[in-house]
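Here's the structure we're looking at; comments come further down.
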Amino acid sequence: MVEDSLCFSPAKGNSLIKCLQAESVKYMREATPYVKKGSPVSEIGWETPPPESPRLGCASAEPMSQLSLSIHRDRKTIPLKMCYVTRNMTVSDPENRIIEVHSPDAKHTVVLRSKDSATAQAWFNAIHSSVNELIPRVIAEVRDQLGKTGIAGSREIRHLGWLAEKGMVKRVTRKIPADFTKLWNKPLLQNWDQAFLFGHRKGLRSPAILAWVPGDNEKHWKPVLVVLTEKDLLIYESMPRMKEAWFSPVHTYPLLATRLVHSGPGKGSPKSGVDLSFATRTGTRQGIETHLFRTETSRDLSLWTRSVVQGCHNSAELITEITTSCTYKNQECRLTIHYEHGFSLTTEPQDGAFSKTIAQYPYEKLKMSSDDGIRMLYLDFGEKDGEIQLDLHSCPKPIVFIIHSFLSAKITRLGLVA
């Protein structure tokens with residue numbers, strides 16, 4: 001018996017007899033002296049890590065017979081560690097009979113079809129549970145592999161796993177046209193690639209234009225490996241093998257400037273409740289970036305959404321304070337936002353002199369915050385103190401999101417619902 005594996009053995013009539021073991025998928029064909037044809041399982045491709053790439057940080061490379069695809073005449077073994085087990089990803093499955101097993105390097109896929117949807121669901125649950133049980137072991141192995149260097153600027157991995165992503169959405173601020181009033185409520189272009197959305201919010205000095213920029217895979221789900229550290233959300237296209245690959249994620253988003261905006265069944269799903277998804281929005285220098293992720297089970301959805309929200313709050317308590325340069329009443333200043341103490345505005349020190357405090361406000365005095373989506377941030381501290389207008393010299397969205405994260409973390413700490 002191979003530990004952690006799923007064993008398949010064709011019986012008469014080519015039906016599959018399957019037995020579950022926790023770490024790999026094993027394909028076996030019934031051997032008879034009358035069968036002369038080659039075994040169909042020998043045609044199944046899978047990843048073969050090179051000898052110089054030990055799996056997930058093992059100090060000494062294991063024998064290749066265990067690391068790679070095992071071929072023993074009519075049997076193959078595929079390790080389940082960090083495989084992505086999903087449904088309705090690459091193959092249309094209107095009858096709900098198909099299970100997909102994707103390799104950690106995202107290069108190979110095995111598609112398994114059951115006799116009916118109930119059998120497929122039972123096997124999906126078994127394989128999916130086996131993969132999930134291996135994740136703590138994977139995190140420990142990656143931690144040993146990376147050592148004190150950490151991962152992409154962070155110290156530790158809090159959670160990781162495969163998710164399906166439906167393209168990236170960017171909202172990029174554009175310049176306000178002089179004849180904006182003539183264009184109000186009138187779309188400039190009708191296709192998704194260049195569709196302009198107009199936004200107007202009470203309290204803004206001028207409405208902003210946001211451009212919808214879809215990802216290359218807007219209409220289809222694609223597998224991505226998502227890693228949550230103590231302060232960042234990292235996205236990879238595949239499971240990194242070498243130590244250096246961990247330092248180069250496709251996307252890095254600070255949790256402090258990220259918020260969860262949706263969690264639950266997808267409203268646009270062909271079948272109610274098919275897509276269990278959640279979405280994140282991150283304030284960046286280019287505007288707001290949105291990612292829509294799909295999980296495989298309700299339990300996965302709860303785990304991921306809880307991890308993202310807790311990660312944002314933990315990041316707020318860890319980082320504590322952020323500072324940015326700004327212009328206030330034609331004077332160069334620095335805005336400091338502290339997790340405990342609130343807002344402070346100070347002058348930029350010149351010629352060795354100490355900076356002077358212009359204003360200080362606790363969070364309790366903040367009545368409203370808004371921005372123009374381009375460079376201006378407005379903070380209203382009530383009738384007596386009034387509103388201060390700050391020119392941040394760049395998109396204010398990161399600061400706006402950070403303020404939200406600090407407030408949300410403080411409310412949660414008080415035992416209230418953010």
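Note: hydrogens, waters and symmetry copies are ignored here, and every other heavy atom, side chains too, is used.
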Show the atom names and distances, to 0.1 Å, of all donor-acceptor pairs under 3.5 Å that link a side chain in residues 322-331 to residues at least two apart or in another chain.
residue	atom	partner	partner atom	Å
T323	OG1	T336	OG1	3.4
T327	OG1	E332	OE2	3.0
T327	OG1	H393	NE2	3.1

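A salt bridge links E340 with R413: the closest approach of a Lys/Arg side-chain nitrogen to an acidic carboxylate oxygen falls below 4.0 angstrom. Salt bridge status for E156 with R158: present, with a side-chain N to carboxylate O gap under 4.0 Å. Between K367 and D380, no side-chain nitrogen of the basic residue sits less than 4.0 Å from a carboxylate oxygen of the acidic one, so the salt-bridge criterion is not met. Under 4.0 Å is where a charged nitrogen must lie from a carboxylate oxygen, and between R87 and E100 no such pair does. A salt bridge does not link E165 with R294: every distance from a Lys NZ or Arg NE/NH1/NH2 to an Asp or Glu carboxylate oxygen is 4.0 Å or more.
Considering every non-hydrogen atom in both S238 and P104, the closest pair reads CB-O, 3.7 Å. Summarising the geometry of G373 relative to C395, their closest heavy-atom pair is O-SG, 4.0 Å, with the distance given to 0.1 Å.
Only one option out of T284, D371, T282 pairs with K397 in a side chain to side chain donor-acceptor pair (under 3.5 Å); it is D371. When each of L112, V91, T86 is tested with I98 by the rule side-chain contact (heavy atoms from CB on, under 4.5 Å), just one qualifies, namely V91.
Enclosure of atom CD in E237 is not indicated, since only 12 or fewer non-hydrogen atoms of other residues, nucleotides or ligands lie within 6.0 angstrom.
A centroid separation of less than 6.0 Å is found between the aromatic rings of H291 and Y253. In summary, the aromatic rings of F278 and F293 are positioned with their centroids under 6.0 Å apart. Under the 6.0 Å cut-off for aromatic ring centres, W162 and H102 do not qualify, their centroids lying 6.0 Å or more apart.
For S405, the side-chain hydrogen bond (donor to acceptor under 3.5 Å, both in side chains) criterion is met by no residue, not counting sequence neighbours.
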**Prompt:** Between R285 and S394, is a side chain to side chain donor-acceptor pair (under 3.5 Å) present by the stated rule, with each step listed?
**Reply:** CA-CA 7 Å; R285 294 287 186 182; S394 62; 2.4 Å; yes
